[in-house]
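Letters A, B, ... mirror the listed sequences (proteins, then strands); counts begin at 1.
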Number of protein chains: 2
Amino acid sequence: MFDHDPENATERPPMPTASAARIAADLRAAIEQGVYADQDRLPPERQLADHFGASRGTVREALRRLEDTNMVVRKVGSGTFVRYRAGELEGDIAKATSPIELIDVRFGIEPQMVRLATVNANGHDIENLDHALQRVCAARDPETFTDADEAFHLALADCTRNPLMKCLYSQLNEVRGHSQWSKMKDKILDAARISEYNRQHRKLFDAIAARDSNAAVEHIVRHLKTAKDHLLGATEELL
Amino acid sequence: MFDHDPENATERPPMPTASAARIAADLRAAIEQGVYADQDRLPPERQLADHFGASRGTVREALRRLEDTNMVVRKVGSGTFVRYRAGELEGDIAKATSPIELIDVRFGIEPQMVRLATVNANGHDIENLDHALQRVCAARDPETFTDADEAFHLALADCTRNPLMKCLYSQLNEVRGHSQWSKMKDKILDAARISEYNRQHRKLFDAIAARDSNAAVEHIVRHLKTAKDHLLGATEELL
DNA sequence: GGGATTTGGTCTAGATTTGGTCCGATCGAC
DNA sequence: GTCGATCGGACCAAATCTAGACCAAATCCC
């Protein structure tokens, strides 16, 4: 577990020696690797001090850093307990995200994205968005529509001219493609709904092209509400 | 890496082995190749001097050059620490994102995050958030505050119980840590502003704990507006 | 219940480590 | 010789680490 070796200090010259920092790093690694699970109690400070060959004060300094990052909770008379929910960010984020959770996140990002797009898009961006709109409007089957819809929303992200927004949204879009949503889309997407979505897409585009920020936000919110309603409807059908 | 050979020094009269330039180059290469990671502490100057077979003054000259190129930071009584963002994925996005763009994205995500947190957090989550709040409220200097603030917002993301939200926000938070914001924080964060932020943090927590979604959203929006105002103010000062 | 033990919280005094600074000496190159 | 780089010290101030003590809360054990 703690393969700390005091002799390392005299080993190769380029060995980063540091007491509190190194102890904190070792403990952090142990926790992240699951040596200590969530809610587990760490060894007492005095025992850790002995193990690391450091004084108790140094160990306490290391533990204080772990506590500052909410990784650990210390209780007088009881001990130091791990507070780390391992495995929640592990693996494929797409598999860990449900369609309804995806919509919840989209409700946060997309209105602001549309607002920024309305303000920041230049003529070239609008052209690209228009092009994407033509494609999605031409789609008739669920498969084509899903792809084109994804491209449309990515073009929308481009319109914000905000690198961080583009980065985050492209990740969200990937989850969207891989998520369980895609298994439901055949249930959700019929011709009527596709054309409904496309009417909303067009209104959204018109608002952005007209630089009408409020209208654009209103349309994207309505779009998301529609999608959520369809999703919940489909969920009920699955029950 | 450090293939210095003392015997060569006595063999050849011209000894390019021990010059400040060469030592600086070696250390730079070691850092770039990951021998020393970001935030790691380099060996002490005296130890480096011994290792390179050079005097401490020469090593200091080499370190001075690394410091001039912002590769390391030196702290009296503590050591020399690596500051080098090994071009990670978010490293690029962090460099491409301005503080104001970061705020723009936060304006989208955080209100929704708070809304979801208010609805989805369980007692354990609230406890964690409370713990993080105590930490951030206890912070007095910009350095501690920044770390604790980051932990608080991550705990907030945990409260949503939404894996996608947590994933996206943790990325946003990394950009926040690496972004040019960190260079401005000393200009922005004085004691008065820190306590102002903390008042907002507390109100936000109280609203979430009381499951008052609207109040929580209102507080986070006010918080972001305050941050944006301070940012724009600091920007003006820089002009 | 009650005392003993364990555990984290706090404090202190002193030793150690570490970068910052200064000085004079040495050596090679121009 | 002069100049620049290096060397080998010495000393300083800041940060850190150590070692020990005592406390209060929690827990254990009889």
Side-chain angles (χ1 to χ4, degrees), chain A residues 4 6 8-10 13-27 36 39-68 70-83, chain B residues 4 6 8-27 36 39-68 70-83 131 134-135 138 140-141 143-144:
Chain A
H4 172 66
N8 280 359
T10 61
M15 266 307 286
T17 63
S19 293
R22 177 182 172 83
I23 293 173
D26 279 2
L27 288 174
Y36 301 109
Q39 309 291 347
D40 272 2
R41 200 191 78 173
L42 294 183
E45 294 175 353
R46 294 162 176 88
Q47 190 174 326
L48 285 175
D50 182 61
H51 172 72
F52 283 107
S55 76
R56 193 178 155 219
T58 306
V59 169
R60 283 183 58 76
E61 167 63 21
L63 289 175
R64 194 189 59 76
R65 297 187 193 185
L66 293 190
E67 192 182 22
D68 283 345
N70 253 4
M71 211 164 188
V72 122
V73 177
R74 306 155 92 183
K75 294 177 182 174
V76 182
S78 283
T80 302
F81 298 88
V82 175
R83 172 179 290 194
Chain B
H4 173 68
N8 284 352
T10 60
E11 197 174 5
R12 301 233 177 120
M15 47 181 86
T17 47
S19 77
R22 178 185 167 86
I23 294 174
D26 278 4
L27 287 175
Y36 302 110
Q39 308 290 347
D40 271 0
R41 199 190 71 174
L42 294 184
E45 293 176 353
R46 293 162 177 88
Q47 193 173 328
L48 285 176
D50 181 61
H51 170 68
F52 284 108
S55 76
R56 192 177 156 221
T58 306
V59 168
R60 282 183 59 76
E61 170 60 26
L63 289 176
R64 189 172 299 117
R65 298 186 191 184
L66 292 190
E67 190 180 27
D68 286 343
N70 281 329
M71 258 190 131
V72 299
V73 173
R74 306 156 93 183
K75 294 179 183 174
V76 181
S78 192
T80 303
F81 298 87
V82 175
R83 277 213 183 280
H131 184 257
Q134 303 309 324
R135 287 277 139 206
R140 287 291 169 270
D141 61 296
E143 201 66 39
T144 314

Inset, instruction - To the nearest 10°, let me know how far the axis at one end of the helix from C:dG1-D:dC30 to C:dC30-D:dG1 is tilted from the axis at the other, five pairs an end. - result: 30°
Mind listing the N/O atom pairs, protein and nucleotides 2-4 of chain C, below 3.5 Å?
none

Legend entry - For atom CD of A:E61 and atom P of D:dC17, their distance in whole Å: 7 Å
Legend entry - Heavy-atom side-chain proximity of A:L63 to A:L42 below 4.5 angstrom: yes
Legend entry - Under 4.0 angstrom between A:R74 side-chain N/O and C:dG9 OP1 or OP2: yes
Legend entry - Rounded interatomic separation in angstrom, taking CZ from B:F81 and C1' from C:dT17: 12 Å
Inset, instruction - Would you indicate whether the side-chain heavy atoms of A:E67 and B:R135 approach each other to under 4.5 Å? - result: yes
Inset, instruction - Test for a donor-acceptor pair under 3.5 Å between the base of C:dG9 and the side chain of A:R56, counting only N and O atoms. - result: yes
Legend entry - Closest non-hydrogen atom pair between B:L48 and B:P43, with its separation: CD1-O, 3.6 Å
Inset, instruction - Inspect the contact between A:R64 and A:D68 and indicate whether a charged nitrogen and a carboxylate oxygen are less than 4.0 angstrom apart. - result: yes
If you look only at distance, which donor and acceptor atoms sit under 3.5 Å apart when one is on a side chain in residues 75-83 of chain A and the other is two or more places apart or in another chain?
| residue | atom | partner | partner atom | Å |
| --- | --- | --- | --- | --- |
| A:R83 | NE | B:N128 | OD1 | 2.7 |
| A:R83 | NH1 | B:N128 | OD1 | 2.6 |
| A:R83 | NH2 | B:N128 | OD1 | 3.3 |

Legend entry - Options C:dT7, C:dT10, D:dT18, nucleotide nearest the side-chain atoms of A:R41: C:dT7
Inset, instruction - Please check the phosphate of C:dG8 (OP1 and OP2 only) for any side-chain N or O of A:T80 closer than 4.0 Å. - result: yes
Legend entry - Distance in angstrom units between A:R64 CZ and C:dT7 P, rounded: 23 Å
Legend entry - Atom-pair distance (CG on A:L63; P on C:dG8), nearest Å: 8 Å
Inset, instruction - Starting from C1' on C:dT10, measure out to CD on A:E67 and report it in whole angstrom. - result: 14 Å
Legend entry - Nearest heavy-atom neighbours spanning B:A62 and B:I23: CB-CG2, 3.6 Å
Inset, instruction - Ignoring the backbone of A:E45, work out which of C:dG8, C:dT18, D:dT6 is nearest its side chain. - result: C:dG8
Inset, instruction - For B:L42 and C:dT18, give me the distance from atom CG to atom P, rounded to whole Å. - result: 12 Å
Legend entry - Closest approach of A:R65 to A:A20 (non-hydrogen atoms, all atoms of both residues): NH2-CB, 3.9 Å
Inset, instruction - Under 4.0 Å between any heavy atoms, over every strand shown, what does B:G57 touch: base, sugar-phosphate, or nothing? Just pick one. - result: nothing
Inset, instruction - For the side chain of A:R60, starting at C-beta, report the closest nucleotide among D:dT18, C:dT18, C:dT10. - result: C:dT10
Under 3.5 Å, which N/O atoms of the protein pair with N/O atoms of nucleotides 2-4 of chain D?
none

Legend entry - Interatomic distance, B:R65 CZ vs D:dA5 C1' [rounded to whole Å]: 10 Å
Inset, instruction - Find the distance A:D50:CG to D:dA19:P and express it as a whole number of Å. - result: 11 Å
Legend entry - side chain to side chain contact (heavy atoms under 4.5 Å, CB included) between A:F52 and A:D26, intermediate numbers included: CA-CA 10 Å; A:F52 283 107; A:D26 279 2; 3.7 Å; yes
Legend entry - Straight-line distance of B:E61 CD to B:S19 OG, nearest 0.5 Å: 10.0 Å
Inset, instruction - If a protein heavy atom is under 4.0 Å from the base, mark B; if only from the sugar-phosphate, S; if neither, -; do that for nucleotides 23-30 of chain D going 5' to 3'. - result: -BBSS---
Legend entry - With A:R60 via side chain to side chain contact (heavy atoms under 4.5 Å, CB included) - residues at least two apart: A:E45, A:R56, A:R74
